[in-house]
Amino acid sequence: MEIDDETINSTGEEEDKKKPIVAILVGAPGSGKSTFCDHVMRVSTRPWVRVCQDTIGNGKPGTKAQCLALSNTSLKEGKSILIDRCNLDKEQRSDFINLKNSHKVDIHAIVLDLPAKLCISRSVKRTGHEGNLQGGKAAAVVNRMLQKKESPKINEGFTRITFCYNENDVQSAMDMYGSLSSVNTLPGGCFGEKKTDSKVQVGIMKFLKRVDPPSKVTSDKTDKTDKTDETTPGPSNDGEEEKVPFENGIPTLGFPSISTADFQFNIEKASEIIVEKVEEFVNKIGNGRLVLVDLSHGSKILSLVKSKAAKKNIDPKKFFTFVGDITKLQSQGRLNCNVIANAANWRLKPGGGGVNAAIFDAAGPDLDTATKKQAGSLSPGTSITVPLPSTSPLFSKEGVTHVIHVLGPNMNPKRPNCLKDDYQKGCKVLRDAYTSLFENFASIVTIQEKISDSDGDVGTERNKKFKGFTEESESKKVNKEWGSWAQALYKIAMHPEKHGNGVIEILDDVVVLNDVYPKAQKHVLVVARAEGVDRLSDVREEHLPILRTMHAVGMKWAETFLKENESLIFRLGYHSEPSMRQLHLHVISQDFDSKHLKNKKHWNSFNSPFFRDSVDVMQEVSEDGKPKLNDDEKFMSMELRCNRCRSAHPNIPRLKSHIAICKSPFPDHLLQNGRLLHASTKL
DNA sequence: GTTCTAGAAC
DNA sequence: GTTCTAGAAC
């Protein structure tokens, strides 16, 4: 991030230039707030006062009132202030934001949303080493605070919000604030907010998900004439609403009109197809939304689409048009689109003018490299999703995490594959192009939803909406070959008498055995004996009887174990993508007390959406003909969270010492539909 | 699936 | 120095 000289305080008033800044740090203990303040105060030539609640009482912790008092006196002296306290929820921040009522100031938020494990380990360090207990205490404090966090929003009254998710982000933000003199300031708006880099920190998904639908943006029902200055980006219907910030954190696809510019597709027909496809998809993209973007207010396509969408009563919160540069939607238009579509050429090459040149240009060489990894060319009517590396400026400045390249039909005789006037073919290709684009966007949304659901609450209802999408993209996966070590279960299923290692029951349809490396006190596998069902993705409606048998046998064994030990709790389910060949049901006690549970993958394979409860699998197969799979690798690298209280832990040993003592009740979704089996439920 | 181990993190 | 993770080999 850097300061853009052109955007530095363009109002020109001398007084304005000396406006102090109230910089509110937002972050858990250990997120680096004090380090941030120290650095800024050391290098900045602007006069800063640090308002730190931890030390405000003569070096000891003080009160919020003391912080406010110091803030007031400092502002009166014309000094800028750094509010160094957690400020994680809206209420905690509001008193400091209200300082703008009595002082002429800009209110900034600097969000230090670093991985929970990092904050915890830093807190542990700070509180001293007094054995493991101290670590547990620090984790508990950080976890408790993180439960409360609410992402700051512009509409709380901030002039500017800077989000930091890793040390690099923090360094950039420190440099930025450190470079401020008493006269320059930073442009307003929301910067760096991201929703999708879940591999870095899955925990933020829940944080960002709690957003309201956009309130003010509507696709106008009346045909107003647009008189707004063409250089000002904003919702295309009304200039007055430009000041209203868009809600960020909602998965949003910004897309240009395909084929109408360079490829000379008829605008009337194109607008009809856009609206038709939007209508078809608008309810298939979860809480996501679609935004048609065009650079100029005079654009015919926008007004045609707008009026057609209004006639069809398409929800204006889910679909609207927007005037602005598709490569600067966040920085100039304050509209965060985590996904943008590119009107690509068939060679997927940069340059050539128009949207394609602009996007490749703004994204830097990273996009070209990432694109080449995916494909070398594109057929008309198709699209391809390219995850944007975080090093790309489009990612860091605009919050774009994916670019979807789309190729529409060509009606321009000067370009290759021209359809001339064959609109029958042309319309079909254009429809295909939008279908492919919106499907690709839907898969991105689905993956994000699944990850955020996994972070505590499960949105079964929402998942149901995605029926059809994920499966399609996932089924494209080529079946992996099984390694020699992965055949053990298969061999046992086929010849249990020969390979009887650990086998405890042999029936016609299933074999039951103790897991050779149990991940809990009790851990058995119920293996299907039929040939041809290697894994969950092979399961279809015809396998419902075997699923039911496996479930019944698994339940019987769980009950047997519960008679021996009433304190156990069992869960029955399948791995979305098993390592061992031959469909097998895990019957596993929820203590996870085992020396064989050694790494993140072991934990997450039983404690993330990757683990599919047997009851849900049976229901899905009977309703949809096949089970849902959550086989994204991301689930394996998720933060380590307690299966009961959902607290985060920095590593496996810490997690294990926590779960050994955690007595919290299980999350709600596990308590429903018989997903968990207790002694009391059966006695 | 596990084991082994380099090297990152503490 | 020790602990812990993650990738390769099996």
Side-chain angles (χ1 to χ4, degrees), chain A residues 29-32 35 114-139 142 166-168 170 198-202 479-494 499-503 511-520 523-528 534-537 573-588 592 594-608 610-611 631-641 648-660:
Chain A
S31 59
T35 312
L114 281 87
K117 61 181 263 184
L118 182 66
C119 301
I120 291 168
S121 62
R122 283 178 182 165
S123 302
V124 171
K125 227 183 242 175
R126 197 181 302 161
T127 46
H129 303 274
E130 290 172 35
N132 272 343
L133 234 154
Q134 200 67 41
K137 238 185 227 171
V142 173
N166 55 47
E167 312 255 19
N168 280 344
V170 177
S198 47
K199 194 158 185 186
V200 176
Q201 193 189 6
V202 173
N479 269 7
K480 275 180 268 169
E481 288 298 316
W482 299 102
S484 59
W485 45 262
Q487 305 286 353
L489 288 182
Y490 172 76
K491 285 182 188 168
I492 292 170
M494 296 306 147
H499 310 271
N501 213 354
V503 171
V511 171
V512 185
L513 62 144
N514 281 310
D515 195 302
V516 188
Y517 300 96
K519 302 298 184 294
H523 184 184
V524 301
L525 305 177
V526 182
V527 189
D534 287 353
R535 55 183 123 208
L536 199 53
S537 60
Y574 300 86
H575 285 158
S576 286
E577 178 65 47
S579 303
M580 304 289 277
R581 179 180 176 190
Q582 197 65 12
L583 184 68
H584 54 281
L585 173 71
H586 290 268
V587 178
I588 183 163
F592 295 103
S594 163
K595 62 174 183 182
H596 298 292
L597 198 156
K598 292 174 176 169
N599 57 44
K600 218 171 207 185
K601 190 174 179 183
H602 290 156
W603 178 257
N604 283 332
S605 70
F606 291 101
N607 291 288
S608 78
F610 183 87
F611 188 81
D631 55 358
D632 198 295
E633 296 252 327
K634 279 173 182 160
F635 294 121
M636 291 300 107
S637 48
M638 276 172 44
E639 270 184 332
L640 296 168
R641 282 182 182 274
H649 298 269
N651 54 45
I652 290 286
R654 290 267 184 76
L655 172 74
K656 289 179 89 169
S657 46
H658 168 82
I659 56 171

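Proteins come first, then strands; the chains are lettered A, B, ... in the order of their sequence lines, and each starts at number 1.
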For this session: Could you tell me whether a side-chain N or O of A/Ser608 sits under 3.5 Å from a main-chain N or O of A/Ser605, the two making a donor and an acceptor?
Result: no

Exercise. Base, sugar-phosphate alone, or nothing: which one does A/Leu489 contact when heavy atoms must sit under 4.0 Å apart?
Worked result: nothing

For this session: Could you check whether the rings of A/Phe606 and A/Phe592 sit parallel, tilted or perpendicular, using 30° and 60° as the cut-offs?
Result: tilted

For this session: Please confirm whether the backbone N or O of A/Arg641 pairs with a side-chain atom of A/Trp603, one donor and one acceptor, at under 3.5 Å?
Result: yes

Problem set entry | Donor-acceptor pair, side chain of A/Gln582 and main chain of A/Ala528, under 3.5 angstrom | yes

Problem set entry | Identified side chain to side chain contact (heavy atoms under 4.5 Å, CB included) partner of A/Lys519 from the options A/Lys595, A/His586, A/His596 | A/His596

Exercise. For every nucleotide of nucleotides 1-8 of chain B, 5' to 3': is a protein heavy atom under 4.0 Å from its base (B), only from its sugar-phosphate (S), or from neither (-)?
Worked result: BSS-----

